Amino acid sequence: MDSFFLYSAVVLTAIIVVPAYRVLQGPTVFDRLVGTNAIATKTIVLICLVGFVFDRIGMFIDITLAYAILGFIGSLTIAKYFSSDKIDVRFDD
């Protein structure tokens with residue numbers, strides 16, 4: 001059973017390359033943001049698989065929850081920054 005998790009982790013690592021291309025070559029910021037979120041989601045699953053392999057799933061679940069919360073807050077912050085209208089402050093001389 002450990003070999004199944006190990007092979008799954010290797011395949012998942014190879015699958016992470018696809019959104020990494022979108023992050024590096026994305027035409028817009030939002031394409032890069034979606035690619036980053038896809039990488040974060042796959043990384044969370046990869047960390048859980050590592051927890052199963054090392055038979056310490058409880059500890060790794062805590063790590064993945066913290067990683068997911070940080071990724072979610074970061075995504076919201078970046079999306080809010082790029083979607084809001086910039087306020088242009090001009091000073092009269």
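Predicted model only: the values in this text are computed from it and were never measured.
- Rounded to the nearest 0.5 Å, atoms CD1 (I57) and CG (D62) are 10.0 Å apart.
- Following chains of ILVMFWY side-chain contacts shorter than 4.5 Å, one cannot reach F72 starting from I69, and the two form parts of different hydrophobic clusters.
- Evaluation of the side-chain hydrogen bond (donor to acceptor under 3.5 Å, both in side chains) rule for T77 yields no partner, not counting sequence neighbours.
- L24 and V18 fall into different hydrophobic clusters, defined by Ile, Leu, Val, Met, Phe, Trp and Tyr side-chain heavy atoms under 4.5 Å apart, directly or through other members.
- For the side chain to side chain contact (heavy atoms under 4.5 Å, CB included) test, residues two or more places apart in sequence or in another chain that qualify with I44 are T64, Y67, A68.
- With values rounded to the nearest 0.5 angstrom, L12 atom CG is found 13.0 Å from F5 atom CZ.
- Clustering ILVMFWY residues whenever any of their side-chain heavy atoms sit less than 4.5 angstrom apart, transitively, puts V53 in the very cluster that holds I61.
- Residues in residues 27-44 take part in these side-chain hydrogen bond (donor to acceptor under 3.5 Å, both in side chains) pairs, two or more places apart or across chains: T28-D31, N37-S75.
- Environment of CZ in F52: sparse, with no more than 12 heavy atoms of neighbouring residues, nucleotides or ligands closer than 6.0 Å.
- For P19 against A38, the heavy-atom pair with the smallest separation is CB-CB, 3.9 Å.
- Two different hydrophobic clusters hold V11 and L6 under the rule that ILVMFWY side chains link at heavy-atom gaps under 4.5 Å.
- Linking Ile, Leu, Val, Met, Phe, Trp and Tyr whenever their side-chain heavy atoms come within less than 4.5 Å puts I63 and V50 in one cluster.
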